[in-house]
Amino acid sequence: MVTKNILIKLTLILSIFCFFEKSIFSNELIYNNTEKYNLGINQKNNSDLKDFYADKSTEVTGTKSNTDSESGFFLWGKPGKDAVYLGMWSFHLSLLVNQGAEENWQHDLLAVAYSGFIAGTFINSFHDRCYVFALHRSLYRTGDKNGFSTDLGYNLGVVKGYDGRLISIADELKYLPFFQVTYDISWKMLGLQLSYVGTVLTAGFYIEYEI
């Protein structure tokens, strides 16, 4: 009988112990799972925030690039090569209809191009000295490892020195606007420039330089 009572008491004690032990482990398990869950949420939130700001940064960068592109749209191309231009010879298309045979074709050009601008002086078709200032731009360039290159570009600016013999408005407007298409063929630092402006084709030489 005594032994039976002892066994009953031991059984009760073990049951109570197992009950409390189960409760403790369950609380710890809940705590650990909750902590992991919260940590997972924080990590996800942090990741989402990084992605969010990365997207915003990309949008800002893209907007700046587009703005820069749009702001320079009216100046097509890139700055032309830095060079000294020496000599220019012309062919007037009017000669094709037997006009302008007396016009000058050797123009003694001296001009300097630097950082996308060009300025110089030459003798025009009426044997008068002219002065020119223009934007100097390059649209398309090719080159190879041997130093041979070509360059399609243009000059856009004003010229001073013409009068009504060229166009009637020149008597009133001393600085005439002009647009000249250029095509350069060069080997290393030496080049030949062909151009078209108005009704005139020209050819001249240049030497590239670096500062």
Side-chain angles (χ1 to χ4, degrees), residues 61-97 100 103-162 166-167 170 173-211:
T61 303
T63 301
K64 181 179 180 182
S65 177
N66 291 337
T67 301
D68 290 343
S69 177
E70 291 175 1
S71 65
F73 181 73
F74 72 102
L75 295 179
W76 296 289
K78 299 178 180 180
K81 63 185 68 176
D82 297 340
V84 176
Y85 293 82
L86 301 169
M88 181 172 69
W89 295 263
S90 67
F91 175 81
H92 293 74
L93 297 181
S94 58
L95 292 174
L96 298 177
V97 291
E103 293 177 342
N104 180 36
W105 56 272
Q106 183 173 341
H107 303 285
D108 301 332
L109 172 70
L110 176 60
V112 177
Y114 175 70
S115 192
F117 295 92
I118 186 169
T121 181
F122 64 95
I123 304 299
N124 67 20
S125 302
F126 305 106
H127 303 275
D128 296 326
R129 179 159 298 278
C130 289
Y131 301 90
V132 62
F133 178 78
L135 295 171
H136 179 57
R137 307 292 288 180
S138 170
L139 295 174
Y140 182 74
R141 251 176 225 180
T142 64
D144 61 25
K145 61 183 180 180
N146 297 319
F148 177 81
S149 66
T150 63
D151 190 323
L152 175 65
Y154 66 91
N155 295 325
L156 176 63
V158 293
V159 58
K160 180 181 183 297
Y162 283 98
L166 176 68
I167 185 173
L173 189 64
K174 297 301 182 183
Y175 294 89
L176 293 175
F178 76 93
F179 179 78
Q180 178 185 27
V181 178
T182 62
Y183 183 72
D184 297 347
I185 304 171
S186 64
W187 180 71
K188 296 186 177 180
M189 307 295 285
L190 302 176
L192 169 70
Q193 182 176 87
L194 306 175
S195 79
Y196 171 76
V197 55
T199 60
V200 181
L201 301 174
T202 71
F205 298 101
Y206 64 86
I207 303 172
E208 296 182 44
Y209 67 90
E210 294 181 0
I211 296 180

Going by atom types only, do Arg129 and Thr121 share a side-chain donor-acceptor pair under 3.5 Å?
yes
With a 4.5 Å limit on heavy-atom distance, are the side chains of Leu190 and Ile207 in contact?
yes
Residues Gly77 and Arg137: closest non-hydrogen pair is O-NH2, 2.5 Å
Could you grab the distance from atom CZ of Phe122 to atom CG of Asp128, nearest 0.5 Å is fine?
10.5 Å
Are there more than 12 heavy atoms of other residues, nucleotides or ligands under 6.0 Å from atom OH of Tyr196?
yes
Could you tell me whether the side chain of Thr182 and the main chain of Gly153 form a donor-acceptor pair under 3.5 Å?
yes
Once you round to the nearest 0.5 Å, how far does CG of Asp108 lie from CE of Met88?
9.5 Å
Any heavy-atom pair between the side chains of Leu166 and Leu176 that's under 4.5 Å?
yes
Check whether any side-chain heavy atom of Gln106 sits under 4.5 Å from a side-chain heavy atom of Trp89, and report yes or no.
yes
Exam field: side chain His92 to backbone Val200, donor-acceptor pair closer than 3.5 Å:
no
Give the intermediate values and the outcome of side-chain contact (heavy atoms from CB on, under 4.5 Å) for residues Tyr162 and Ile167.
CA-CA 8 Å; Tyr162 283 98; Ile167 185 173; over 6 Å; no
I need the minimum non-hydrogen distance between Val159 and Cys130, along with the two atoms involved.
CG2-CB, 4.0 Å
Indicate yes or no: at least one non-hydrogen side-chain atom of Ser138 is less than 4.5 angstrom from one of Lys81.
no
Hey, are the side chains of Tyr175 and Phe133 touching, using non-hydrogen atoms and a 4.5 Å cut-off?
no
Which residues pass the salt bridge (charged side-chain N to carboxylate O under 4.0 Å, His left out) test with Asp82, sequence neighbours left out?
none
Determine the minimum heavy-atom distance between Ser149 and Ser186, stating which atoms define it.
OG-OG, 2.6 Å
Answer whether the closest heavy-atom distance between the side chains of Gln180 and Thr202 falls below 4.5 Å.
yes
Residue that, paired with Leu109, satisfies side-chain contact (heavy atoms from CB on, under 4.5 Å) out of Phe205, Tyr85, Tyr206:
Tyr85
Quick one: does any side-chain atom of Asp184 pair with a main-chain N or O of Gln193 as donor and acceptor, under 3.5 Å?
no
Side-chain touch Thr150/Phe148, heavy atoms, less than 4.5 angstrom:
yes
Using a 4.5 Å cut-off on heavy atoms from C-beta on, say whether the side chain of Leu201 contacts that of Leu93.
yes
If every non-hydrogen atom of Lys188 is compared with every non-hydrogen atom of Glu208, which pair is closest and at what distance?
O-OE2, 3.5 Å
